[in-house]
There are 2 protein chains.
Amino acid sequence: MFKETLRQIVESTDGAIAGLLMGFDGIAVESYTRDEAAAGKDIGEIGMEFSVIVGSIKRAAETLEAGHAKEVAIQAENMTTLIRVVNDDYFLALTLRPDGNPGKGRFILRTHAPKLLADLA
Amino acid sequence: MFKETLRQIVESTDGAIAGLLMGFDGIAVESYTRDEAAAGKDIGEIGMEFSVIVGSIKRAAETLEAGHAKEVAIQAENMTTLIRVVNDDYFLALTLRPDGNPGKGRFILRTHAPKLLADLA
């Protein structure tokens, strides 16, 4: 069921390459990669890197009393990654080509997070 | 001269609380805090936390061959932080209230970064 939700997230976002549901411990629950982009990027490797980042952001937000971290967007030259915190244990990541539509991606992540949260329970 | 540029960045962005120019080693070059927001938040502490995060993002982007990280946006319950990488050694951070205008902030950071880059040389 996670795979189907991830497929919807990726296929609904222009320029999206891959979607990932992962624990903050770096262990992936499920991922979905768009066929055309399957060559090259390892979504598991991407997730491992970002689990470290999101973990440190969570800790920083608590230290700074900024409240819970909700969303992170990381724009690099060849890749944009959107991260949505689902709950204290899991996050969603969506990787886009630089010409993708991050605004649409954010919206899609936000609207699909409650479904994933329910499925995780 | 850095202070004046940071002042312009903060004062030009609706809901901005503070701006910071910092090295990836966590040492601040300069910061500017809007008077009304001076109580409470320590911009140096904020910067230290975010230098760790941006450093790990830089390393992840290189590992993933995503190219140089350019921008990071972190949305927490009580605070939004925008980060713009200026060069290999320095980044700009802008902290906003949750009701601030992050789109304007991104634009202002992008247009002011070349000026700061020139001043750092």
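Per chain, numbering begins at 1; letters A, B, ... match sequence-line order.
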Quiz item: Taking atom CD of Glu77(A) and atom NE2 of His68(B), what is their separation to the nearest 0.5 Å?
Solution: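 That separation rounds to 5.5 Å.
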
Quiz item: How long is the span from the CD1 atom in Ile74(B) to the CD1 atom in Ile74(A), to the nearest 0.5 Å?
Solution: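 Those atoms lie 7.5 Å apart.
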
Quiz item: So which pairs with a foot in residues 14-28 of chain A pass salt bridge (Lys or Arg N to Asp or Glu O under 4.0 Å), sequence neighbours left out?
Solution: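 Listed by first then second residue: nothing to list.
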
Quiz item: Using non-hydrogen atoms only, which part of Arg106(A) is less than 4.5 Å away from chain B: side chain, backbone, both, or neither?
Solution: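 Arg106(A) touches chain B through side-chain heavy atoms alone.
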
Practice problem: Mind checking salt bridge (Lys or Arg N to Asp or Glu O under 4.0 Å) for Asp119(A) and listing every partner two or more places apart, or none if nothing turns up? | Solution: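 Salt bridge (Lys or Arg N to Asp or Glu O under 4.0 Å) check on Asp119(A) returns Lys115(A).
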
Quiz prompt | Joint hydrophobic cluster, Ile27(B) plus Phe91(B), side-chain heavy atoms closer than 4.5 Å | solution =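 Result: no, two separate clusters.
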
